[in-house]
Amino acid sequence: MQGISQKVLIQQLRELERDGLVKRFVYQQMPPKVEYSLTEYGVTANKIVDVMCSWGKENIKIRQRRGEEIVLLEDTCPGAN
């Protein structure tokens, strides 16, 4: 991820792990490798993210109609209309 330090990213992922939203898998290899994935509980947050995505896309359209030069870089709202 661009724009975030490795330290901050790790802190956020560990917090999400403590909250039960993501699980961490450590591969026993060199160099070290770690993967994070959503837990079953974490997947339930997708509904909230979809609503936020839809709101954001609509907000961009409103601001564009007002003359602001805003570009949606990519459509990253799967499941949102």
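This one's a predicted model, so the numbers in the text were calculated from it and none came from an experiment. Computation of the quantities below employed the complete heavy-atom set of this structure, encompassing side-chain atoms and omitting hydrogens, waters and symmetry-equivalent molecules.
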Peer 1: Output side-chain donor-acceptor pairs under 3.5 Å for residues 20-45, partner residues at least two apart or in another chain, one line each.
Peer 2:
unit_1, atom_1, unit_2, atom_2, d
Arg24, NE, Tyr36, OH, 3.0
Tyr27, OH, Glu35, OE1, 3.1
Tyr27, OH, Glu35, OE2, 3.2
Thr39, OG1, Gly20, O, 2.6
Thr39, OG1, Leu21, O, 3.3
Thr39, OG1, Tyr41, N, 3.4
Thr39, OG1, Gly42, N, 2.9
Thr44, OG1, Tyr41, O, 2.4

Peer 1: List in chain and number order the residues that pass salt bridge (Lys or Arg N to Asp or Glu O under 4.0 Å) with Glu69, two or more places apart in sequence or in another chain; answer none if no residue qualifies.
Peer 2: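 Applying salt bridge (Lys or Arg N to Asp or Glu O under 4.0 Å) to Glu69 gives none.
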Peer 1: Taking atom CZ as the centre, does Arg66 end up with more than 12 heavy-atom neighbours from other residues, nucleotides or ligands that are less than 6.0 angstrom away?
Peer 2: no
Peer 1: Measuring from atom CD of Glu68 to atom CD1 of Ile62, what distance do you get when rounded to the nearest 0.5 angstrom?
Peer 2: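 Reported value, rounded in 0.5 Å steps: 11.0 Å.
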Peer 1: Between atom CD1 of Ile60 and atom CD1 of Ile70, what is the distance when rounded to the nearest 0.5 Å?
Peer 2: 6.5 Å
Peer 1: Taking side chain to side chain contact (heavy atoms under 4.5 Å, CB included) as the definition, give me every residue that meets it alongside Gln6, ordered by chain and number, with sequence neighbours left out.
Peer 2: Ile10
Peer 1: Partners of Arg18 by salt bridge (Lys or Arg N to Asp or Glu O under 4.0 Å), sequence neighbours excluded?
Peer 2: none
Peer 1: How would you list, by chain and number, every residue that makes a side chain to side chain contact (heavy atoms under 4.5 Å, CB included) with Ile48, sequence neighbours excluded?
Peer 2: Met52
Peer 1: Can you measure from CD (Gln11) to OG (Ser5) and round to the nearest 0.5 angstrom?
Peer 2: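 Taking CD in Gln11 and OG in Ser5, the distance rounds to 7.5 Å.
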Peer 1: Using the test side chain to side chain donor-acceptor pair (under 3.5 Å), find all partners of Arg14 that sit at least two apart in sequence or belong to another chain.
Peer 2: none
